[in-house]
Participant: 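The following block contains the structure, expressed as structure tokens.
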Amino acid sequence: MATETVLATAVSNGGSKICCKSGPGYATPLAAMAGPREKLIYVTALYSGTGRDKPDYLATVDVDPSSPTYSSVIHRLKMPYVGDELHHTGWNSCSSCHGDASADRRYLVLPGLISGRIYAIDTKTDPKAPSLYKVVEPKEIAEKTGLAFPHTSHCLASGDMLVSCLGDREGNAKGNGFLLLDSDFNVKSRWDKPGNSPLFGYDFWYQPRFKTMISTSWGAPKAFSKGFDLQHVADGLYGSHLHVYSWPEGEMKQVIDLGNTGLLPLEIRFLHDPSKDTGYVGSALSSNMIRFFKNSDDTWSHEVVISVKPLKVENWILPEMPGLITDFLISLDDRFFYFVNWLHGDVRQYNIEDPKNPVLTGQIWVGGLLQKGSPYKAVGEDGNTYQFDVPQIKGKSLRAGPQMIQLSLDGKRLYATNSLFSAWDRQFYPEIMEKGSHIIQIDVDTDKGGLTINPDFFVDFGDEPDGPALAHEMRYPGGDCTSDIWI
């Protein structure tokens, strides 16, 4: 395969360290694709914001079809406090440390977005029953760095961990930035240099070969934590920018204004091939997929490559409904990307072998506000109304819309949860506050393209022992296409 040759050459040119197989993860993205099939998934599960006075927890889900407990929660690690709002997760070590024999993918990094705590979870001692190793308290983080509201974490080749923090302790966006933890979860410092704070914080991805890190923009915690108010966008409490930093120095080199085409740019991914200087970001509110790329003068530019048109609707809070692209990911061979429209309810697959011109190859509706039986209806150009067919799985109706997704290493199975953030869940999909979240699995055709639901997989968080819970991000014990970065 030509792509494999390019990747192997790129990794070889990157230095001998990455070719060593003694560290965690895989030497190349294509080597990861040949890794073992997933048997477990770790999922953040929440009671924060539901009205249930229970701690959030990390659920271990059995995804091994040969197992008697397949498609069920087999362990729940409860956090020691109530009100964390567990959200995104990362690893202490990943494929960026593959050449380091002393590195070990042992701890899942588990920030509490609202509480500001960061938990270190030991997944190595017993992968099926993770345990709490350490808690980094918000007071220590704030006193040493001024940061709060931790969100995305990535492991670094140095052994440190980098965590984006979305504001200060009062919920202001000003002063947000990046927290640096050492290998034992001690607070080291801010990573961004003084005066180099982004306008807003959210996700980030680094690419050492181009000495660049790029971060995205959600909004001020004091705004988004209360639910979504369109007036807050007009008031400047939400972002529309990408922030380009020098890597690893932490100096901001460029701010890219995406304008109205890039309101609320959330998830960002470079292509996995570390020799490629391009990637994508999903703009949630504008519902655009945006490609960013490096210019010959070392600046960065962007272009919209996919636009999800808002739908005219009846009975909703606005006359038009955006798709709301809240998550996307790229297959490890850089052939496909997948994204969700949380409000419309569909999951899409695009071929990106030509990164400038994605081609739609699969689409499936697995929830959303416009499914049949909903009070909301889309209005076609002819004035007639319509709704989408959404199948049941194991006799259960699908609730809310597809939100976080995770792809198997071989690219053949896509998992999806349906909770975005508790305050926004309550606002747009109040049903899941009472009935809980679920995880579904979508089978992927990686030859011709196409998506189909697996009728045998359905994990219902409405049946949890302490009551219905909200399920968000998913991680495999051995890493995945949204946690691991190749250098």
Side-chain angles (χ1 to χ4, degrees), residues 17-18 20 22-25 42 44 55-58 60 77-81 84 86-113 115-166 169 177-193 201 204-206 208 213 247-250 473 475-480 482-485 487:
K17 180 179 178 181
I18 193 68
C20 176
S22 57
Y42 301 129
T44 51
D56 300 344
Y57 59 101
L58 183 70
T60 305
L77 175 63
K78 297 180 181 180
M79 298 301 108
Y81 303 96
D84 284 313
L86 299 182
H87 199 60
H88 284 204
T89 58
W91 289 105
N92 71 304
S93 185
C94 71
S95 293
S96 65
C97 307
H98 184 70
D100 183 356
S102 67
D104 187 17
R105 191 195 303 265
R106 184 183 190 100
Y107 300 113
L108 192 66
V109 185
L110 191 51
L113 180 57
S115 71
R117 294 183 190 92
I118 299 176
Y119 298 101
I121 308 299
D122 179 4
T123 66
K124 195 73 176 285
T125 302
D126 185 350
K128 291 186 176 181
S131 57
L132 179 62
Y133 168 67
K134 194 171 186 178
V135 181
V136 186
E137 293 292 349
K139 182 178 179 182
E140 180 187 5
I141 295 171
E143 287 178 349
K144 292 183 177 180
T145 67
L147 296 169
F149 299 91
H151 188 271
T152 297
S153 64
H154 277 299
C155 55
L156 309 183
S158 64
D160 292 338
M161 292 157 279
L162 191 63
V163 185
S164 64
C165 295
L166 309 193
R169 296 186 75 174
F178 302 92
L179 170 67
L180 201 59
L181 300 173
D182 72 14
S183 59
D184 198 39
F185 293 87
N186 298 303
V187 176
K188 292 183 72 173
S189 63
R190 288 181 71 122
W191 172 77
D192 44 308
K193 288 188 174 181
F204 68 95
W205 198 277
Y206 63 87
M213 186 271 267
W247 184 266
E249 294 82 10
E473 186 161 63
R475 289 273 176 243
Y476 307 130
D480 50 65
T482 58
S483 67
D484 283 34
I485 294 176
I487 60 175

Participant: Start with the C-alpha gap between Asn92 and Leu181, add the side-chain angles, then the distance that decides, and say whether side-chain contact (heavy atoms from CB on, under 4.5 Å) holds.
Facilitator: CA-CA 9 Å; Asn92 71 304; Leu181 300 173; over 6 Å; no
Participant: Please name the pair of heavy atoms, one in Asp484 and one in Ser95, separated by the smallest distance, quoted to 0.1 Å.
Facilitator: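 Taking Asp484 first and Ser95 second, the nearest heavy atoms are OD2-OG, 2.7 Å.
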Participant: Applying side chain to side chain donor-acceptor pair (under 3.5 Å), can you list everything that pairs with Asn186, at least two apart in sequence or on another chain?
Facilitator: Lys134, Asp182
Participant: Not counting sequence neighbours, which residues clear side chain to side chain donor-acceptor pair (under 3.5 Å) with Glu140? List them please.
Facilitator: Lys144
Participant: Hey, are the side chains of Leu86 and Leu58 touching, using non-hydrogen atoms and a 4.5 Å cut-off?
Facilitator: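 Answer no - side chains too far apart.
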Participant: Are any non-hydrogen side-chain atoms of Pro130 and Leu108 less than 4.5 angstrom apart?
Facilitator: no
Participant: Do you know which two heavy atoms are closest between Pro24 and Asp100, and how far apart they sit?
Facilitator: CD-O, 4.1 Å
Participant: Please enumerate all residues that pass side chain to side chain donor-acceptor pair (under 3.5 Å) together with Lys124, with sequence neighbours excluded.
Facilitator: Asp104
Participant: Counting distance only, does the side-chain N/O of Ser164 pair as donor-acceptor with the main-chain N or O of Thr152 below 3.5 Å?
Facilitator: yes
Participant: Over all heavy atoms of both residues, which pair between Ala103 and Ser93 is shortest? Give the atoms and the distance, please.
Facilitator: CB-OG, 3.5 Å
Participant: Mind checking what makes side-chain contact (heavy atoms from CB on, under 4.5 Å) contact with Ile485, not counting sequence neighbours?
Facilitator: His154, Trp205, Tyr206
Participant: Suppose we screen for side-chain contact (heavy atoms from CB on, under 4.5 Å). Which residues come up paired with Ala142, at least two apart in sequence or across chains?
Facilitator: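 So Ala142 forms a side-chain contact (heavy atoms from CB on, under 4.5 Å) with Arg169.
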Participant: Looking only at heavy atoms, which two atoms of Thr89 and Glu473 are closest? And how far apart?
Facilitator: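 Smallest interatomic distance, heavy atoms only, reads N-OE1, 2.7 Å.
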Participant: Partners of Tyr107 by ring pair (Phe, Tyr, Trp, His ring centres under 6.0 Å), sequence neighbours excluded?
Facilitator: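 Only Tyr133, Phe185 meet the ring pair (Phe, Tyr, Trp, His ring centres under 6.0 Å) criterion with Tyr107.
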Participant: Output all residues satisfying disulfide bond (SG atoms under 2.5 Å apart) with Cys165, sequence neighbours left out; order by chain, then residue number.
Facilitator: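 In terms of disulfide bond (SG atoms under 2.5 Å apart), with neighbours along the sequence ignored, Cys165 is linked to no residue.
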Participant: Counting C-beta onward and ignoring hydrogens, is there a side-chain heavy-atom pair between Ser483 and Arg105 closer than 4.5 Å?
Facilitator: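 They are in side-chain contact.
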Participant: Is the shortest side-chain heavy-atom distance between Thr123 and Arg475 below 4.5 Å?
Facilitator: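 No, every pair of side-chain atoms sits at 4.5 Å or beyond.
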Participant: So how far is it from Leu179 CG to Leu162 CG, rounded to the nearest 0.5 Å?
Facilitator: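 CG of Leu162 is found 8.0 Å from CG of Leu179.
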Participant: Mind listing the closest non-hydrogen atom pair of Ser183 and Asp160 along with its distance?
Facilitator: N-OD1, 4.1 Å
Participant: Quick one: ring pair (Phe, Tyr, Trp, His ring centres under 6.0 Å) partners of Trp191, sequence neighbours excluded?
Facilitator: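 Only Phe178, Tyr245, Trp247 meet the ring pair (Phe, Tyr, Trp, His ring centres under 6.0 Å) criterion with Trp191.
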Participant: List in chain and number order the residues that pass side-chain contact (heavy atoms from CB on, under 4.5 Å) with Pro248, two or more places apart in sequence or in another chain; answer none if no residue qualifies.
Facilitator: none
Participant: Quick one: list whatever passes side chain to side chain donor-acceptor pair (under 3.5 Å) with Tyr119, sequence neighbours left out.
Facilitator: Asp84
Participant: Using salt bridge (charged side-chain N to carboxylate O under 4.0 Å, His left out) as the criterion, list what pairs up with Lys193, not counting sequence neighbours.
Facilitator: none
Participant: Could I get the full list of side-chain contact (heavy atoms from CB on, under 4.5 Å) partners for Ser153, not counting sequence neighbours?
Facilitator: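 side-chain contact (heavy atoms from CB on, under 4.5 Å) check on Ser153 returns Val109, Val163.
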Participant: List the atom of Ser96, the atom of Ala157, and the distance in Å for their closest heavy-atom pair.
Facilitator: O-CB, 3.4 Å
Participant: Check whether any side-chain heavy atom of Thr44 sits under 4.5 Å from a side-chain heavy atom of Asp56, and report yes or no.
Facilitator: no
Participant: State, with a plain yes or no, whether a side-chain heavy atom of Thr145 is found less than 4.5 Å away from one of Leu180.
Facilitator: no
Participant: With heavy-atom distances below 4.5 Å as the criterion, would you say the side chains of Tyr42 and Ile121 are in contact?
Facilitator: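 The answer is no; the side chains never approach within 4.5 Å.
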Participant: Is there side-chain contact between Ile141 and Arg117, with heavy atoms separated by less than 4.5 Å?
Facilitator: no
